[in-house]
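These numbers come from a predicted model, not from an experiment.
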Number of protein chains: 2
Amino acid sequence: MDTIAREQAAQRIERRLARLGYRVTQPRRRLIEKMLAFETYFSSDSLSVGEPSVGRATVFRSLHVFLRTGALCQVVLEDGTIVYRVADDGAHHHHLVCIDCDLVEEFSSEFLEAALAHAGAAHGYQVTGHRLEIYGRCDHCPTEASSGGRAGARG
Amino acid sequence: MDTIAREQAAQRIERRLARLGYRVTQPRRRLIEKMLAFETYFSSDSLSVGEPSVGRATVFRSLHVFLRTGALCQVVLEDGTIVYRVADDGAHHHHLVCIDCDLVEEFSSEFLEAALAHAGAAHGYQVTGHRLEIYGRCDHCPTEASSGGRAGARG
DNA sequence: CTTTCTGCAAACTCTTTGCAGTCGC
DNA sequence: GCGACTGCAAAGAGTTTGCAGAAAG
């Protein structure tokens with residue numbers, strides 16, 4: 001994301017804050033800018049680090065606000081750690097997580113949505129939501145196969 | 001799960017511990033028994049509570065061991081909280097979480113596995129794993145629709 | 001008898017809360 | 001000017017670690 005794109009993304013997030021009745025303050029602006037600088041996911045800690053002008057508590061409070069307004073989403077890593085990522089799209093989506101370069105991409109699929117609803121229904125559930133993370137290697141990272149090993153499917 | 005089934009499940013878990021080189025100790029037995037008494041998921045805290053004979057640290061250490069041996073699996077709740085559940089099946093599976101009664105069922109589906117691998121591949125990922133939780137109402141819980149409201153699909 | 005495991009207590013990390021002052025709108 | 005927001009500091013969960021003794025195999 002280049003400087004101009006980040007600027008636009010920041011304004012989109014700020015407008016949404018304002019529209020939902022939250023105030024666009026200096027610390028929030030700072031954090032939004034910092035969030036957007038991450039190419040992929042980040043921890044609450046890494047947002048806080050090197051930002052002496054923003055209190056720790058404010059970071060956590062802002063994280064909640066951003067989550068509520070859909071500016072951020074949680075990503076569950078393979079080891080169960082929960083981290084954050086700027087939501088390209090405020091709507092429902094899933095994550096593709098590269099286990100090598102830590103890139104996270106959003107994606108959505110009507111087909112998958114339907115398949116999940118159907119899977120739930122088959123077990124007697126009326127599905128109201130779900131959470132899906134797919135782990136693998138993105139096409140910029142050499143696979144085990146191409147480096148001599150063998151890629152194993154865990155799923 | 002009745003007493004006999006729990007006893008069998010406990011033995012299965014203990015055998016697996018032994019086979020993998022872990023010791024079957026008194027505290028671990030206690031915890032296994034307690035885990036099996038939960039009809040659904042539980043937190044690290046609820047495992048610890050009311051078990052004065054087992055130290056807090058031992059609970060956490062055992063949790064890691066059980067996770068490593070496949071006796072337990074993590075379940076991510078809708079709000080991002082991570083809890084544990086006895087794995088009926090040591091193999092890969094997904095979770096159906098009832099948002100009313102907190103029941104968690106395991107399920108697996110070759111079809112879904114293939115669909116997820118395919119979805120990843122479509123985005124250039126070589127899929128090595130995934131994590132899926134489906135939230136909804138199980139067939140023992142009245143739906144909003146049947147109690148006058150309307151069930152909304154979030155996914 | 002060796003090695004792993006345990007309880008305890010202390011240390012640590014991560015997150016939340018209370019409060020008086022500040023700042024957006 | 002009002003009310004939401006902020007930084008600070010302290011409190012509060014939740015989890016990990018060091019260690020000497022206990023127990024499994």
Distance alone, cut at 3.5 Å: any donor-acceptor contact between the side chains of R85(A) and T40(A)? no
Rounding to an integer number of Å, can you tell me how far L63(A) CG sits from dT16(C) C1'? 13 Å
Please confirm whether the backbone N or O of V65(A) pairs with a side-chain atom of T69(A), one donor and one acceptor, at under 3.5 Å? yes
Carboxylate-amine/guanidinium contact R28(B) E14(B), below 4.0 Å: no
Looking only at side chains, do D102(B) and Y41(B) share a donor and an acceptor under 3.5 Å apart? yes
So, is H64(A) near the phosphate of dT16(C), with a side-chain N or O under 4.0 Å from OP1 or OP2? yes
Using whole Å, what does the distance between atom P of nucleotide dT15(C) and atom CG of D45(A) come to? 8 Å
Just the rounded figure in Å: distance from P of dG7(D) to CD of E51(A). 10 Å
What's the closest nucleotide to the A57(B) side chain, out of dT17(D), dG14(D), dT6(D)? dT17(D)
Measure CZ/F60(B) against P/dT13(C) and give the value in whole Å, please. 16 Å
Grab the CZ-C1' distance between R56(A) and dG12(D) for me, whole Å please. 15 Å
Can you tell me if R30(B) has over 12 outside heavy atoms packed within less than 6.0 Å of its CZ? no
Here the distance between atom P of dG24(C) and atom CZ of R15(A), to the nearest Å, is 19 Å
Give a yes or no on whether a salt bridge exists between D88(B) and R12(B), defined as a side-chain N under 4.0 angstrom from a carboxylate O. no
For dC5(C), does OP1 or OP2 lie under 4.0 Å from any side-chain N or O of R28(B)? yes
The contact string for nucleotides 19-25 of chain D, one letter per nucleotide 5' to 3', using protein heavy atoms under 4.0 Å with B, S and - for base, sugar-phosphate only and none, comes out as ----BBS
Rounded to the nearest angstrom, tell me the gap between atom CG in L31(A) and atom C1' in dG7(D). 13 Å
Answer yes or no: does a side-chain N or O of S44(A) lie under 4.0 Å from OP1 or OP2 of dT15(C)? yes
Rounded distance in Å - CG (D79(B)) to C1' (dT15(C)): 15 Å
Answer with yes or no whether the hydrophobic clustering places I32(A) together with V49(A); edges join I, L, V, M, F, W, Y residues whose side-chain heavy atoms lie under 4.5 Å apart. no
